[in-house]
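Right, one structure below, let's go through it.
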Amino acid sequence: MVTICIGKVDQAKGQKIQLDANELVSNDEFALPEKNAFGNSFRKDIVEQHYKSSHINQTYDFVKQMREEYMKLDKAEMGIWECCELLNEVVDDSDPDLDEPQIQHLLQSAEAIRKDYPNEDWLHLTALIHDLGKILVLPKFGGLPQWAVVGDTFPVGCAFDESNVHHKYFKENPDFNNPKYNTRNGVYIEGCGLDNVLMSWGHDDYMYMVAKENGTTLPSAGLFIVRYHSFYPLHKYGAYSQFMNEEDKENFKWLKVFNKYDLYSKSKLLVDVEKVKPYYESLIAKYFPAKLKW
């Protein structure tokens with residue numbers, strides 16, 4: 001498990017604000033080096049502290065509270081491309097792409113998929129928007145702490161599967177010893193569908209909510225990817241699969257396709273943003289309204 005640190009600039013104060021844990025990769029097939037391109041060891045203590053905070057604080061009630069707050073969609077009104085540019089305030093400080101804006105990762109993922117799946121334009125757009133929920137770290141969108149924005153996601157309202165990274169910290173979560181929530185299925189029933197399962201709060205669920213509530217016409221597989229692209233206990237270990245219904249199983253096939261581009265598409269070859277912008281703006285116009293409530 002490796003972390004990448006996110007930093008952003010608070011333009012009002014001219015200060016850099018650190019977001020210490022971002023995409024947390026848990027795929028042994030693509031093991032990352034102990035050191036990054038700049039020779040700095042990845043800091044395991046930061047990763048562990050991130051998950052300690054997440055596992056202690058991501059309770060069933062907390063998630064319901066966050067969903068209720070952000071379902072208001074009263075933080076801003078803007079288009080998808082405008083949000084892509086806003087996300088450039090978030091920079092991966094310990095990633096090899098240190099000096100590159102976030103839009104490069106989004107476009108690198110999207111362009112790699114576009115090359116291999118030229119006829120699946122919805123998948124190209126899904127790649128572009130999948131991380132836009134990270135704007136939750138910005139003050140205008142609540143300035144949430146890193147543990148409530150990024151990292152591996154997991155269901156709440158049922159037992160915390162041991163495949164979750166740093167599982168030991170769940171013992172300090174109030175739900176851990178609550179008989180209502182600490183059985184294998186908890187408040188859910190098998191086959192209920194992941195749509196009926198509350199996930200830990202973060203950028204995945206927020207962007208899914210924004211897209212759905214603003215009437216996107218992306219297919220269900222696209223929304224599934226947005227919502228579950230950080231759900232690594234399921235991706236890698238099949239944990240919580242008892243809740244999946246048939247539609248989830250079909251959509252999961254596309255998530256597995258997407259996942260390799262999300263994690264491993266970063267490149268030193270930068271995408272010419274202005275060159276590809278018209279194409280992605282046409283997709284945005286096809287699948288989204290001109291302005292969305294966030």
Side-chain angles (χ1 to χ4, degrees), residues 19-22 24 47-76 132-213 223-224 226-235 237 239-245 248 293-294:
L19 178 60
D20 290 325
N22 185 6
L24 293 127
V47 181
E48 188 162 347
Q49 183 58 49
H50 169 87
Y51 280 109
K52 180 178 181 179
S53 298
S54 170
H55 294 351
I56 292 174
N57 293 292
Q58 291 272 9
T59 65
Y60 187 81
D61 287 343
F62 170 78
V63 171
K64 289 183 67 177
Q65 178 186 347
M66 288 294 99
R67 288 185 60 80
E68 181 178 349
E69 168 61 27
Y70 283 93
M71 185 65 78
K72 299 174 184 176
L73 299 178
D74 60 356
K75 304 296 186 289
L132 294 187
K134 291 177 184 177
I135 59 174
L136 288 172
V137 305
L138 302 177
K140 184 175 182 179
F141 298 88
L144 296 183
Q146 62 263 31
W147 59 261
V149 180
V150 295
D152 294 10
T153 58
F154 49 87
V156 295
C158 60
F160 302 113
D161 191 90
E162 291 188 1
S163 65
N164 285 291
V165 64
H166 292 297
H167 178 271
K168 62 184 178 181
Y169 292 116
F170 283 119
K171 294 179 181 179
E172 299 179 54
N173 186 303
D175 291 352
F176 187 82
N177 292 313
N178 188 329
K180 183 178 180 180
Y181 303 132
N182 66 5
T183 61
R184 181 173 184 266
N185 293 337
V187 298
Y188 312 112
I189 59 174
E190 294 193 9
C192 64
L194 291 178
D195 189 51
N196 293 305
V197 175
L198 286 184
M199 298 294 295
S200 55
W201 180 251
H203 74 281
D204 311 59
D205 214 22
Y206 175 56
M207 188 57 211
Y208 162 80
M209 180 185 296
V210 169
K212 183 178 180 181
E213 295 303 315
L223 289 174
F224 188 91
V226 171
R227 194 176 195 183
Y228 302 112
H229 69 270
S230 301
F231 190 6
Y232 288 106
L234 176 65
H235 298 186
Y237 300 105
Y240 307 102
S241 59
Q242 74 268 25
F243 299 131
M244 299 175 75
N245 58 25
D248 292 331
K293 293 182 179 179
W294 300 76

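To the nearest 0.5 Å, the span separating OG1 on Thr153 from NE2 on His235 amounts to 7.0 Å.
Using a 3.5 Å distance cut-off with no hydrogens or angles, the side chains of Gln242 and Tyr188 do not pair a donor with an acceptor.
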In sequence, state the C-alpha distance, the side-chain angles, and the governing distance for Leu144 and Tyr206, and then conclude on side chain to side chain contact (heavy atoms under 4.5 Å, CB included). CA-CA 12 Å; Leu144 296 183; Tyr206 175 56; over 6 Å; no
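The residues Lys72 and Glu213 are annotated as not salt-bridged, no charged nitrogen and carboxylate oxygen being separated by less than 4.0 angstrom.
Closest approach of Lys140 to Lys75, counting heavy atoms only: CE-O, 3.4 Å. Minimum heavy-atom separation, Lys212 to Leu223: N-CD2, 4.5 Å. Nearest heavy-atom pair across Val197 and Arg227 is O-NH2, 4.5 Å. Closest of all the heavy-atom pairs between Trp147 and His50 is CA-CE1, 3.5 Å. When every heavy atom of His167 is checked against every heavy atom of Phe160, the shortest pair comes out as NE2-O, 2.8 Å. Contact between Gly142 and Tyr70 at its shortest, heavy atoms only, is CA-OH, 3.7 Å.
Of the residues listed (Phe170, Tyr232, Tyr60, Tyr51), the one engaging Phe154 in a ring-ring contact (aromatic ring centres under 6.0 Å, His included) is Phe170, and it is the only one.
In terms of modelled atom types and a separation under 3.5 Å, the side chain of Asn164 and the main chain of Asp161 share a donor-acceptor contact.
Heavy atoms of other residues, nucleotides or ligands lying less than 6.0 angstrom from CD of Glu162 number 12 at most.
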